[in-house]
Amino acid sequence: MESNIPGTTPRPLRIAVASGKGGTGKTTVATSLALSLVEPPLTATSQPQVAFLDCDVEGPNAHLYLRPTFDRREDVVILVPEVDASKCTVCGKCAEVCQYHAILVLGTTPLVFPHLCHGCGSCARICPENAISEQPHPIGVVEAGITPHGIFFARGVLQTGEPLATPIIRRLKQWAIPPFTPSHSVIIFDAPPGTSCPVVETARGADFLLLVTEPTPFGLHDLRLAAQVAGELGIPAGVVINRDGIGDESVTSFCASAGLPILMRIPFQRAISEGIAQGRALLDIHPEYRTQFWDMFQHIQDLLEHHSQVGPLRKLATDSQ
Amino acid sequence: MKIAIPASAPSLDAPMDSRFGRSAYFIIVDTNTMQWEAHENPAVRAGGGAGLQAVQFLSRFGTQAVIGSDFGPNATMALSAAGILMYQCNSPLTVREAVSQFSAGQLQQVDKATNPGHYGK
């Protein structure tokens, strides 16, 4: 683990779970991993403390499996401009500097469009008349609490109608500080689907990226993209194949050629689908997975210890298409 | 009167573009002289706020009215602020046909958004 390296500040091991494609089982894998760490198999020699951050702020649902009681809550705001019309000379500098066209100068006063604003503050800084002040505009909340299994759980929730997920994820990662000894803890980040800004913001700073996919052409298409994100960010990655047995062999051959280790296969099985559909965690449906997830965690730690070359992944970013 | 029409190609005989902010071109026509010019729309690939960028662009040419099939809430707010009138035309016409309907007083003037907006979609 990172924290065992002499002379470095102890920090938790950070594992982000992402997929590219939606509905591949990210949350199933992320929650199962969390549960297996906090209640490890009897053969385990250590028991890490576990924090779980649901970063899928547009549709957070990990709480359905982990059932936390939220006891802390905070609004997330971005600062949007407010123009004092009595000071404004309609010079138009604010509209020019705004990359997102959130402020427009037409007629006699600037118009502000808060939904387009990214809260960068450039307009207020550039205004020669100091006519622009920045006002907080709430875009969502962050919440935290403990689950019955003792997992520190936190999530962000983007307010309906607001377009910016990234500031909520950024805030969630700063705000949700688990009350643990950093050197013996693991933070699991459940990423949103896709490969754009919210996923990058979730994965940024992670020690390992666990990519969940299904063995179909659709799973493969999006796994390639997700693997490129890992390569761009320089984060070592491994793959969990969910619904194994359907589709074809293309994901397996891709992983082999890209140097991505396949860390676990979860079979396509009616009992699992039914259980998940009833809101039950995978470890509840099949307790034997506890050992498998624990072993996968050990495997990830081994990979990180021996990982000094991010070579294959970096290469992947350029030649995988 | 100077009116702007979103169009899919830089010609009077091009079909009108059903999108306002993301049309490929704007044809600006002086209805008194029927002189016209075509401009590429700088907002066509905007990440967001295309309608707003398009309005800002059109206001530079002294545009007094626009003909479109659909106006979003942001574009509507910006057009009103710029004092540009909005006329709605839903049928699939060419720019030339839209202008002649406008001159004949056959197009409906609108003052509210005709769709709930596209941002984040």
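These numbers were taken from a predicted model, which means no experiment stands behind them. What's counted below: heavy atoms across the whole structure, side chains too, no hydrogens, waters or symmetry copies. Order of the sequence lines sets the chain letters (A, B, ...), proteins ahead of strands, with each chain counted from 1.
For A/R72, the CZ atom counts as densely surrounded, since its 6.0 Å shell holds more than 12 non-hydrogen atoms of other residues, nucleotides or ligands. In the displayed structure, A/Q174 atom CD is contacted under 6.0 Å by more than 12 heavy atoms of other residues, nucleotides or ligands. In this structure, A/F218 places its CZ atom where only 12 or fewer heavy-atom neighbours from other residues, nucleotides or ligands lie under 6.0 Å away. Heavy-atom contacts from other residues, nucleotides or ligands closer than 6.0 Å to CD of B/E40 number 12 or fewer.
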Which donor-acceptor pairs under 3.5 Å do the side chains of residues 194-201 of chain A make with protein atoms, sequence neighbours left out?
from, atom 1, to, atom 2, distance (Å)
A/E201, OE1, A/R204, NH2, 3.4

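Ranked by heavy-atom pairs under 4.5 Å with chain B, the first of A/L106, A/L164, A/V105 is A/L106.
The two residues A/L111 and B/A78 come nearest to each other via the heavy atoms CD1-CA, 3.8 Å.
Contacts with chain A (heavy atom to heavy atom, under 4.5 Å) involve no residue of residues 85-111 of chain B. Scanning residues 54-66 of chain B against chain A with a 4.5 Å non-hydrogen threshold yields B/V55, B/Q56, B/S59, sorted by number.
By the ring pair (Phe, Tyr, Trp, His ring centres under 6.0 Å) test, A/H63 is found to be paired with no residue, residues two or more places apart in sequence or in another chain being considered.
When heavy atoms are compared at a cutoff of 4.5 Å, A/F113 approaches chain B solely by way of its side chain, counted from C-beta outward. For A/A95, the part sitting under 4.5 Å from any heavy atom of chain B is the side chain, from C-beta outward, and nothing else.
Note that the CG atom of B/N74 and the CG atom of A/L104 stand 9.5 Å from one another [nearest 0.5 Å].
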